[in-house]
Each structure stands twice: as C-alpha cells, then as structure tokens.
Amino acid sequence: MSTSKDHQSNFRAYQSQTTPHPLGLEVSHASGSYIYDLQGKAYLDFIAGVSAVSLGHSHPAVVAAVKQQADKYMHVMVYGEFIQGPALDLCMALARELPDPLQTTYLVNSGTEAMEGAIKLARRVTGRSELIAAKNAYHGNTIGSLSLMDFEARKAPFRPLLPDIRHIEFNNTQALETISTKTAAVILETIQGGAGFILPEADYLKKVRQRCSETGTLLILDEIQPGFGRTGTLFAFEQFSCIPDILVMGKGMASGLPIGAFTASREHMDTLQDPKLGHITTFGGNPVIAAAALATLNVLQKTSLISDTLKKESLFRSLLIHPAISEIRGRGLMLALIMESPVVADYLVLEAEKEGLLLFWLLFEPRAVRISPPLTLSEAEITEGCTLILRLLDRYEKSAVN
C-alpha cells in the first residue's frame, strides 16, 4: 500500500513540476469552499484554482450538466464542423450578454490559447504586425502570450519570440501616443493580474479605446481572470466605459474545467476562414466542457452571486485591517493583500496552509497575497478565513519583536 511519502516522491519523479517547492497538498476531494486532504483535513479555499472555480468545488448544477452531457456524447468532431448543442447554446448565451459588436465566439481550451487566437485575428483583420502590451502584463505562457510579457528573465530562455512587440505603462495616458497606424492591436488586461491586481484609473481604458479607434487599431481586452462575475459584473470592462474589439476569457467560465474563448464581431471572425482552417482546435468547444460553462453562466444569471462579490469585498476590507497589510488591491473577489514585505507574504501563504487556509502568490508583485475564492463563499467563511489571517499576522509580529 502506497504512503503519503510515496506519493510525494512519485509526484516529483513522474509529474513535471513548475516550481522547485510545490505546496504538495494531497487532495482527496473538494466540496463548496473546502478542499480535503487524504487524512480528512479541511482547507478553506481562498484560491479557487487561481480564479477558476467560480461556483465552488463540485457545484451540483455543474456536476449534473457534466453527467447529463457525458451520457449523451463527448468528443465527436474537431471544432466548428458539427453542430453540438452545448457549444452553440453557450455562444448564443454569451452573445445575449455582450454588447455589439461582440457577438461571435470561438471556444478553445484555455485562456492563453484564446489569446493566441486573438493575436492571429488582430493581425489577419488589420494586415499589421505590431502589437502593444502593458508592462508587467501576463496573458499566458504559450509563445505568443509569452511574447507580450516584458519580464525578460522569463522570456530569455525561450527566445526568439514574436517580433514587433512594444510595451507601454498601464494607466499612463501619455504613452497612448505610441499607438499608431502600424499597430495591429493593443492588448491589455482589464485589471492587471500578475502585477498586483491593478485597476484602470479614471478614463484610462476609455482613452485607450479612443486612440485605437483613431488609428484603426483593434483593442483586445484580457478578461481571463476578472471575467465571469468576479468583479461585480459579468465582465470587468462593463465598469469602465470601454468595449473591446476582441474579448478574451477563460479560467472561471466552466467552474474548474478547462476552457477559454475569444469573442469579436461576425465580420472579424469570418476572416479566420481565409485561408481555410485559419485557426483550428481539436477539443475547443468540447460538449462536456461547454455544458459546464453554460451551467455556470445560468447560475450566475439566476442568482445574486455577481453583485454579491462587491458586498463580500467590503467585508474582506472591513476585517483585514492590520499593520502588516499595507494595502488591499482589486475589486470584488479578485483581491490582493499587499504585505509590508515579501517575507511576510511568504510567511502568510505557507503558515496559512498549515492552519487550513489556502492562499497564494501573484506573479510579479512579491509582496502580494492572492485572495480569489469561489464566488459562492459565504460571509461566515470570509470571517473564518480573515480571523485566521489576522491571528497569523499577529503571531508573525510577536515573533519579530521577540
């Protein structure tokens, strides 16, 4: 009989790792806001699979949709050739929720794959090659998405990457003059994620939209993290008077199952038919995954979960007051605690796991601690988690004094 020690050893030997020291929690099962290890210990989940598990773990509506569709059929054909009900229904539901011209959706398998499709679409529509992205942006790790990053330490080992990439500072309106008639697309996260959950200031996105329209440049907004209700509206761009030409989404769409999508006008999407099969995917639009996404969207539409994110944000902010917390960034249930130092951030994440609370880091801001729980998180669970955070920070400050 294998032991926990065997599992840890096999995990490192046979499954590729992305960091030298993974958290290594052995998962038995998960339900609602909790993940359970093999010993039955419960962990309150403030990560939600990095903003992916919108409705909590194993939400009954999502599980039912998956089982029902799996009993009918699973993969039957590559994307776009057969009419498969769940995928069509999902695309139509998104069209009803989105403003013109965002009416036609291409379903893929992840957020970074959706960004790859968006880059291709922008270059195909405009006939231009230059792409402008923000400093400290994160759009994924495939070659095109990685090319948009300005973090050279992460890019250097994989060069050469896509050419004709320029970077501007997020929220700097003067830098918008960089956008020209040579620019195929400006690609921005509506809310910067890896940089520390940075919100657009004042009319920044509105001014970006205006400059793009002046130069015939397409605006691509990356809603992979804030999308599907995490910030108080179905998509965050709705809050900033800015409609993109291409909308990229992923993560929370299917409550934990792998999916992504990019949406644009019918006219723009039709350019992917020339050349024939200009963008293809085998498993994009998978009927089981699409059924899960449609169930997720239906629950969000029929409940107050989206608007409740702002109330839950207020509760987090009211409870998490501590000298070690310099700032709380973000909106809704996309929040980042900015600690007084990276050392405190590391301590909080690692000690919280030992105590049964799951927190995580952000990519570029070493002082940040991610709070991106399921949207179904209750007020009692928020209080429970925040009480533990404050207790751990008190313990840290006491040990530092001594």
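Here the structure is a predicted model, which means the values were calculated and not measured.
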Judged by atom type as modelled, is there a donor-acceptor pair below 3.5 Å linking the side chain of [X] to the main-chain atoms of [Y]?
| X | Y | result |
| --- | --- | --- |
| Lys155 | Met149 | yes |
| Glu381 | Ser378 | yes |
| Gln192 | Lys135 | yes |
| Arg317 | Ile328 | yes |
| Gln15 | Ala13 | no |
| Ser399 | Tyr396 | yes |

Between [atom1] of [X] and [atom2] of [Y], what distance do you get to the nearest 0.5 Å?
| X | Y | atom1 | atom2 | result |
| --- | --- | --- | --- | --- |
| Phe237 | Leu102 | CZ | CG | 5.5 Å |
| Arg230 | Ile191 | CZ | CD1 | 11.0 Å |
| Thr190 | Asp222 | OG1 | CG | 7.0 Å |
| Tyr204 | Arg209 | OH | CZ | 13.0 Å |
| Leu121 | Thr271 | CG | OG1 | 5.0 Å |
| Leu205 | Gln210 | CG | CD | 13.0 Å |

Which atom pair, heavy atoms only, marks the closest approach of [X] to [Y]?
| X | Y | value |
| --- | --- | --- |
| Pro258 | Ile289 | O-CG2, 3.2 Å |
| Asn141 | Thr112 | N-OG1, 3.4 Å |
| Arg12 | Pro20 | NH1-O, 3.3 Å |
| Gly260 | Ala114 | C-CB, 4.3 Å |
| Ala236 | Thr231 | CB-OG1, 3.5 Å |
| Arg329 | Phe197 | CB-O, 3.5 Å |

Evaluation steps, side chain to side chain contact (heavy atoms under 4.5 Å, CB included), between Thr183 and Ser180: CA-CA 5 Å; Thr183 310; Ser180 73; 3.7 Å; yes

Stepwise side chain to side chain contact (heavy atoms under 4.5 Å, CB included) check, Ile187 with Met115: CA-CA 9 Å; Ile187 303 171; Met115 182 54 68; 3.8 Å; yes

Distance-only donor-acceptor pairs under 3.5 Å for side chains of residues 347-359, two or more places apart:
unit_1: Tyr347; atom_1: OH; unit_2: Leu392; atom_2: O; d: 2.9
unit_1: Glu351; atom_1: OE2; unit_2: Lys354; atom_2: NZ; d: 3.0

Working for side chain to side chain contact (heavy atoms under 4.5 Å, CB included), residues Val186 and Thr215: CA-CA 11 Å; Val186 173; Thr215 57; over 6 Å; no

Heavy atoms, side chains only, cut-off 4.5 Å: are [X] and [Y] in contact?
| X | Y | result |
| --- | --- | --- |
| Met253 | Thr296 | no |
| Asn286 | Leu107 | no |
| His59 | Ser255 | no |
| Glu365 | Ile198 | no |
| Val125 | Glu267 | no |
| Lys206 | Pro200 | no |
| Glu152 | Arg159 | yes |
| Glu130 | Thr217 | no |

Test side chain to side chain contact (heavy atoms under 4.5 Å, CB included) applied to Leu131 and Asp164, step by step: CA-CA 6 Å; Leu131 301 171; Asp164 296 338; over 6 Å; no

Passing option when Cys242 is tested against Leu188, Asp203, Leu219, Val208 for side chain to side chain contact (heavy atoms under 4.5 Å, CB included): Leu219

Give a yes or no on whether [X] atom [atom1] has more than 12 heavy-atom contacts from other residues, nucleotides or ligands under 6.0 Å away.
| X | atom1 | result |
| --- | --- | --- |
| Lys67 | NZ | no |
| Met77 | CE | yes |
| Gln174 | CD | no |
| Glu379 | CD | no |
| Leu23 | CG | yes |

Donor-acceptor list for residues 42-54 side chains, cut-off 3.5 Å, not counting sequence neighbours:
unit_1: Tyr43; atom_1: OH; unit_2: Asp37; atom_2: OD2; d: 3.1
unit_1: Asp45; atom_1: OD1; unit_2: Ile47; atom_2: N; d: 2.8
unit_1: Asp45; atom_1: OD1; unit_2: Ala48; atom_2: N; d: 3.0
unit_1: Asp45; atom_1: OD2; unit_2: Ala48; atom_2: N; d: 3.4
unit_1: Asp45; atom_1: OD2; unit_2: His57; atom_2: NE2; d: 2.7
unit_1: Ser51; atom_1: OG; unit_2: Gln225; atom_2: OE1; d: 3.2
unit_1: Ser51; atom_1: OG; unit_2: Arg370; atom_2: NH1; d: 3.1
unit_1: Ser54; atom_1: OG; unit_2: Gly252; atom_2: O; d: 2.7

Can [X] and [Y] be counted as an ion pair, charged N to O under 4.0 angstrom?
| X | Y | answer |
| --- | --- | --- |
| Arg391 | Asp394 | no |
| Lys120 | Glu116 | no |
| Arg166 | Asp150 | no |

Distance-only donor-acceptor check, side chains Glu340 and Ser326, under 3.5 Å: no

Any donor-acceptor N or O pair under 3.5 Å, side chains Asn109, Thr281: yes

Sub-6.0 Å ring centroid separation between His279 and Phe262: yes

Within residues 120-160 or reaching into it, pairs that qualify as ring-ring contact (aromatic ring centres under 6.0 Å, His included) - sequence neighbours excluded: Phe151-Phe364

